[in-house]
Amino acid sequence: EAGGGSLPGAALPSWAVRLKAEGMSADEVASRLRSSTPPVLARIQDGAVLLDLRSVLPEDDAVLEDSVAGALSFGF
């Protein structure tokens, strides 16, 4: 939801990718994403990590993919 300003509480349409890693908590996955280069910010909902793609440009897809793959690998 948008916050404050002229649209307080207005819902913004978006898509999210839901991540769950076997053997890792959602907090651990989110922490690893924040520690990646570049850092990836996500939210946790219902025990899973959600990556909101609203602000990811198509040309950044490969960078995001690399960050997620690195965060989900056990050799991080």
Side-chain angles (χ1 to χ4, degrees):
E1 293 185 350
S6 62
L7 298 172
L12 299 174
S14 185
W15 289 92
V17 174
R18 184 174 189 259
L19 300 175
K20 283 188 86 169
E22 192 169 324
M24 272 192 263
S25 69
D27 288 327
E28 184 176 357
V29 173
S31 175
R32 287 175 172 226
L33 286 168
R34 285 190 304 274
S35 298
S36 67
T37 303
V40 176
L41 301 180
R43 71 178 190 269
I44 297 173
Q45 183 177 325
D46 299 326
V49 173
L50 295 180
L51 298 176
D52 190 324
L53 301 179
R54 178 183 313 126
S55 60
V56 178
L57 299 173
E59 56 266 24
D60 293 332
D61 285 350
V63 174
L64 178 59
E65 181 182 355
D66 290 344
S67 291
V68 170
L72 295 181
S73 72
F74 283 97
F76 183 77

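Numbering starts at 1 and runs along the sequence shown.
Around CD of Glu65, the count of heavy atoms belonging to other residues, nucleotides or ligands within 6.0 Å does not exceed 12.
A side-chain donor-acceptor contact under 3.5 Å links Ser35 to the backbone of Ser31.
With Glu59 as reference, Leu57 is the one residue of Leu57, Val56, Asp61 to meet the side chain to side chain contact (heavy atoms under 4.5 Å, CB included) rule.
With sequence neighbours left out, the side chain to side chain contact (heavy atoms under 4.5 Å, CB included) criterion links Ser14 to Asp52, Arg54. For Pro38, the side chain to side chain contact (heavy atoms under 4.5 Å, CB included) criterion is met by Val63, Ser67, not counting sequence neighbours. With sequence neighbours excluded, the residues forming a side chain to side chain contact (heavy atoms under 4.5 Å, CB included) with Leu41 are Arg34, listed by chain and number.
Between Met24 and Leu72, the shortest heavy-atom contact is CE-O, 3.4 Å. What you find for Leu50 and Gln45 is that their closest heavy atoms are CD1-OE1, 3.4 Å. Looking at every heavy atom in both residues, Arg32 comes nearest to Ser73 through NH1-O, 2.6 Å. Between Glu28 and Gly23 the shortest heavy-atom distance is OE1-O, 4.5 Å.
Using a 4.5 Å heavy-atom cutoff, the side chains of Leu19 and Leu33 are in contact.
Residues Val49 and Leu64 fall within the same hydrophobic cluster, defined by Ile, Leu, Val, Met, Phe, Trp and Tyr side chains chained together at heavy-atom separations under 4.5 Å.
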